[in-house]
Protein chains: 2
Amino acid sequence: MGAKHAMDPDLLDEVGRRLLAELQEDARQPYAELGRKVGLTAPAVAERLRRMEVAGLIQGYRAQVNRSAMGWKLAAFVRIRAFPGQDSAIERFAADTAEVLECHEVTGEDSYLLKIAAANVQHLDRVITALAPLGATHSVLVLSTKVEGKILAPVGA
Amino acid sequence: MGAKHAMDPDLLDEVGRRLLAELQEDARQPYAELGRKVGLTAPAVAERLRRMEVAGLIQGYRAQVNRSAMGWKLAAFVRIRAFPGQDSAIERFAADTAEVLECHEVTGEDSYLLKIAAANVQHLDRVITALAPLGATHSVLVLSTKVEGKILAPVGA
DNA sequence: CTTGAAAAACGTGATGT
DNA sequence: ACATCACGTTTTTCAAG
């Protein structure tokens with residue numbers, strides 16, 4: 001429980017932080033180019049990344065896909081106040097439903113906050129309707145996204 | 001305006017969809033292995049990916065970094081009802097502040113919904129306090145994240 | 001548009017500092 | 001913990017189907 005991974009602080013020195021920033025911008029750069037940017041050779045970069053992966057600092061390398069181009073034209077946030085005993089049903093729904101992009105348990109009057117994608121308004125309505133039996137929902141549609149996928153810097157950098 | 005990219009529908013056939021799914025799970029797989037999974041040779045895979053990139057379907061390849069391991073122990077959602085004339089100030093704040101991970105313009109009484117990361121409660125309080133002059137805020141803390149980074153399937157797949 | 005083969009570039013392991 | 005070198009693999013390019 002708690003601290004799962006050995007937290008080697010040396011991994012987050014100046015070199016480590018610049019590597020993480022570079023990898024968030026482009027995860028497919030050759031090790032040699034990463035090394036050129038941070039002042040290491042390619043094998044040294046590879047070993048640092050390997051250590052960052054086992055430490056759980058790097059969780060994976062993912063392609064970023066354009067939601068709109070794939071047909072998910074709408075995004076929405078739904079907060080839901082679970083009806084008694086429906087919490088686990090909501091979590092299962094979130095895990096099993098392709099339209100649910102994120103599900104967070106939150107403080108306050110609502111139990112969960114869900115980020116949802118849909119092809120159109122009818123589609124979105126279907127998802128929200130499916131949620132209705134599980135709790136009281138409040139939905140807002142995303143009109144435009146101003147910031148998303150920002151590069152994560154180490155705290156206090 | 002609107003449709004920026006030539007939307008070649010052939011890119012989202014069965015093979016294209018499986019490639020996108022694979023790349024979302026691991027963006028650093030060799031082309032040959034991707035090809036083995038979808039039934040293409042390595043150069044054919046490379047060519048399809050190149051087309052998907054210029055079509056804007058693939059926006060980039062990003063390392064997924066563990067926020068908690070980097071010191072961002074807390075996450076929160078803040079919805080804010082902008083004071084008159086403060087909308088652009090909020091958007092600038094969101095763009096320039098490292099703690100703001102996402103910023104969406106939304107429907108309803110609130111103007112924006114922000115996803116925020118912080119090292120601790122004091123840190124979070126500083127960010128929310130900085131937002132206070134720009135609008136009326138409602139904040140909820142994330143207690144646990146049940147779903148995040150789900151693989152995006154094509155609509156109706 | 002896809003395939004197959006060649007050349008160039010890359011990743012990985014061993015060795016030494 | 002990093003640099004250097006060597007080897008196997010991968011990416012890339014190009015000619016051809």
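Letters A, B, ... are given to chains in the order of the sequence lines, protein chains preceding strands, and every chain is numbered from 1.
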Output the rounded distance in Å from [atom1] ([X]) to [atom2] ([N]).
X: R48(B); N: dT11(D); atom1: CZ; atom2: P; result: 18 Å
X: L19(A); N: dC2(D); atom1: CG; atom2: C1'; result: 14 Å
X: D13(A); N: dA1(D); atom1: CG; atom2: C1'; result: 11 Å
X: M52(A); N: dA1(D); atom1: CE; atom2: C1'; result: 14 Å
X: R36(A); N: dC10(C); atom1: CZ; atom2: P; result: 11 Å
X: L40(A); N: dC10(C); atom1: CG; atom2: C1'; result: 17 Å
X: L49(A); N: dT12(C); atom1: CG; atom2: C1'; result: 13 Å
X: Q29(A); N: dT10(D); atom1: CD; atom2: P; result: 21 Å

Inset, instruction - Answer yes if the side chains of E53(A) and Y61(A) hold a donor-acceptor pair under 3.5 Å, and no otherwise. - result: yes
Legend entry - Comparing E47(A) and A42(A) on DNA chain D - which has the more 5′ nearest nucleotide: E47(A)
Between [X] and [Y], does any side-chain N to carboxylate O distance fall below 4.0 Å?
X: R67(A); Y: E148(A); result: yes
X: E102(A); Y: K115(B); result: yes
X: R18(B); Y: E22(B); result: no

Inset, instruction - Considering non-hydrogen atoms only, spot the tightest contact between C103(A) and Y112(A) and give its length. - result: SG-CD2, 3.8 Å
Closest approach to the side chain of [X], judged atom by atom: which nucleotide of [options] is it?
X: A44(A); options: dC10(C), dT11(D), dA3(D); value: dA3(D)
X: P43(A); options: dG11(C), dC2(D), dT4(D); value: dT4(D)
X: P30(B); options: dT10(D), dA3(D), dC10(C); value: dT10(D)

Inset, instruction - Report which part of the nucleic acid T41(A) touches: base, sugar-phosphate, or nothing (heavy-atom distance under 4.0 Å, all strands). - result: base
Inset, instruction - For R50(B), report the nucleic acid contact type (base, sugar-phosphate, nothing); a contact means any heavy atom under 4.0 Å. - result: nothing
Quick check on [N]: is either OP1 or OP2 less than 4.0 Å from any side-chain nitrogen or oxygen of [X]?
X: R28(A); N: dC10(C); result: no
X: Y31(A); N: dA9(C); result: no
X: R51(B); N: dT2(C); result: yes

